[in-house]
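In what follows, every chain begins at residue 1, and chains take the letters A, B, ... in the order their sequences are listed.
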Number of protein chains: 2
Amino acid sequence: MARAGLTADRLIRAGAELADEVGFEQVTLSALARRFDVKVASLYSHLKNSRDLKTGIALLALAELADRAADALAGRAGRDALTALADVYRDYAREHPGRYAAAQFRLDARTAAASAGVRQAQMTRALLRGYDLTEPDQTHAVRLLGSVFHGYVSLELAGGFSHSAPDSQESWERILDALDALLRNWPAAKAP
Amino acid sequence: MARAGLTADRLIRAGAELADEVGFEQVTLSALARRFDVKVASLYSHLKNSRDLKTGIALLALAELADRAADALAGRAGRDALTALADVYRDYAREHPGRYAAAQFRLDARTAAASAGVRQAQMTRALLRGYDLTEPDQTHAVRLLGSVFHGYVSLELAGGFSHSAPDSQESWERILDALDALLRNWPAAKAP
DNA sequence: TGCATTTTCCTAATGCCTTTAGGCAACCGA
DNA sequence: TCGGTTGCCTAAAGGCATTAGGAAAATGCA
C-alpha cells in the first residue's frame, strides 16, 4: 500500500490548522489520522503520544508569534513599537485562536526554556528600551505588558467584550494609550 | 442497596475540590464517581452530562470570587480598594487553582449572563468610582483591570514568573502602584 | 399503615479516544 | 538487487462519556 508521507512536521502543522478550526482542546490523534486518511496507530511512528503533538503545536505557535513580534518591532520604537507588538498578539489570537490557545499549553520547564517564549520576553524588554526604565522596574513593566496583552486577548477571545459598548477595538486603543502614558511616567517605588 | 445520597450540589462541590487537587482539565465523571464509590452512570441522575458538571464548578467559582470581592471592597476606596480586589483574584487563584481555571470555562451566553461574573464587573466598576473617570473611559479601565488581574494571575500560575528576580510578589505590588497612578492620571483621548 | 409513584443507583452496551505489540510491504543504500 | 530500515497496517486493551432499561429505596397519599 502506498505511503502517506507523514512526518512529525507535517502532522504538527496539520494539527495547528485543526486547532484553529475546531479548538486546541479538540485536537486529537484520531482527528488528525482521519485528516490524513490513515490509521491512528500510524501516527505513533512520528509522534511519541498525544501530548507530544500538543507540545509541537505549542512550540510552533510560540515561534510564529516570536517571528511576527520581531518583524513588528523592526524599526519601531516607543508608542509605535508598543502598538505594533500588542497588535501582533491580538491579531494572531484572532487569526489563529487554536494556535494561540496552544501557546498557553503548559510546557515542562526544559521545553519552555528552549522555546521561542524566551525570545518574546526579550523582545518585550527591547521594546521597553524606548522608555526610560531601569531594573527592577523594567522587569515589572515586562510582566505588566505580558499580563495586559495576554489577559486582554484571552478575555476578548472568550467573548468578554462583545455585545457591549464601547467596542473592543476602541478599548484596545485607549488601553495602549494608557500603557504608553504609564511607561513614560512610571511611578517611583514608595518608601518601605 | 443503600443510597449514597448524591445531589448535584454535593457533586459540584466535590468536583471543585477535585479540580483543585488534580486540575480542572482532569475533572471527570469517572473520577468523581470513584470518589463517591458509585458507578458512573449513577451521576446522570443528578447531572445532565460532563459539561454540566464543569459548568456547575465554574458557576461555583465565579460566585465564590464575587463573594470574596464584595467582602474585600466593603469600606475601602481608591488604592486600598484596588489592592484588595486585585489580591482577591490572585489569592483565590493560588488557593484554588482548579476552581480558578474553572472560572475561565467558556459558558454559553445565557448562563454567563446569569452568573456571578456580572457582579464582578459591577464591583470593578464600583472600585473605579474612587477615581475620577467618566464613560467611556471607565469601561476601558474596567477592561484594563480585568485584563491585568486575569493575565498576571494566569501567567503566574503557569509558572511564568518563578525562578527569576525580582520575585512575583514585588512585581505585583509595583504593578498595582502603577495602575493606581494610571487611574489617578488617566490620559485624555487623542484627537482623531 | 399500605400501596403506588418517584427517585436513586445499578448492570449492560455502545462509541470514541489513546496506547502498545507485532507484521508486512515499501523504500534506501550498497 | 538484496538486506535492512522505516512507515503504515491490524489487533487488542483500557479509559471516559453516554444511553437504555431494571430493581430497590424513599416518598407521599389514601
Under 3.5 Å donor-acceptor, [X] side chain and [Y] backbone:
{"X": "A:D20", "Y": "A:R99", "answer": "yes"}
{"X": "B:Q138", "Y": "B:L128", "answer": "no"}
{"X": "B:R76", "Y": "B:A72", "answer": "yes"}

>> Give the residues of residues 9-35 of chain A touching DNA chain D, defined as any heavy atom closer than 4.0 Å, sorted by residue number.
In response: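 Correct list: empty, so none.
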>> Quick check on contacts: within residues 37-47 of chain B, what sits under 4.0 Å from DNA chain D by heavy-atom distance?
In response: B:V40, B:A41, B:Y44
> Among all residues two or more places apart in sequence or in another chain, which pass the side chain to side chain donor-acceptor pair (under 3.5 Å) test with B:E25?
Replying inline: none
> How close or far is atom C1' of C:dC9 from atom CG of B:L6, stated in whole angstroms?
Replying inline: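 Checked: the CG to C1' distance equals 8 Å.
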> Nearest-Å distance, CG (A:N49) to P (C:dC17)?
Replying inline: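 That distance rounds to 17 Å.
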>> Against B:W172, only a single residue in B:D87, B:T83, B:D167 fulfils side chain to side chain donor-acceptor pair (under 3.5 Å); can you say which?
In response: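 Result: among B:D87, B:T83, B:D167, B:D87 is the only option passing the side chain to side chain donor-acceptor pair (under 3.5 Å) with B:W172.
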> Taking only residues two or more places apart in sequence, or in another chain, which ones meet A:Y131 in a ring pair (Phe, Tyr, Trp, His ring centres under 6.0 Å)?
Replying inline: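 Partners of A:Y131 under the ring pair (Phe, Tyr, Trp, His ring centres under 6.0 Å) test: none.
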> Are the aromatic ring centres of B:Y92 and B:H96 under 6.0 angstrom apart?
Replying inline: yes
> Any chance the rings of B:F161 and B:Y152 have centres within less than 6.0 Å?
Replying inline: yes
> Would A:D132 and A:W186 satisfy side chain to side chain donor-acceptor pair (under 3.5 Å), going step by step from the backbone distance to the final call?
Replying inline: CA-CA 9 Å; A:D132 204 31; A:W186 190 265; over 6 Å; no
>> Please list all pairs meeting side chain to side chain donor-acceptor pair (under 3.5 Å) that have one or both residues in residues 27-53 of chain B, counting only residues at least two apart or in different chains.
In response: B:E21-B:R35
Please produce a list of atom pairs where a protein N or O lies less than 3.5 Å from an N or O of nucleotides 4-6 of chain D.
| unit_1 | atom_1 | unit_2 | atom_2 | d |
| --- | --- | --- | --- | --- |
| D:dT6 | O2 | A:R3 | NH2 | 2.8 |

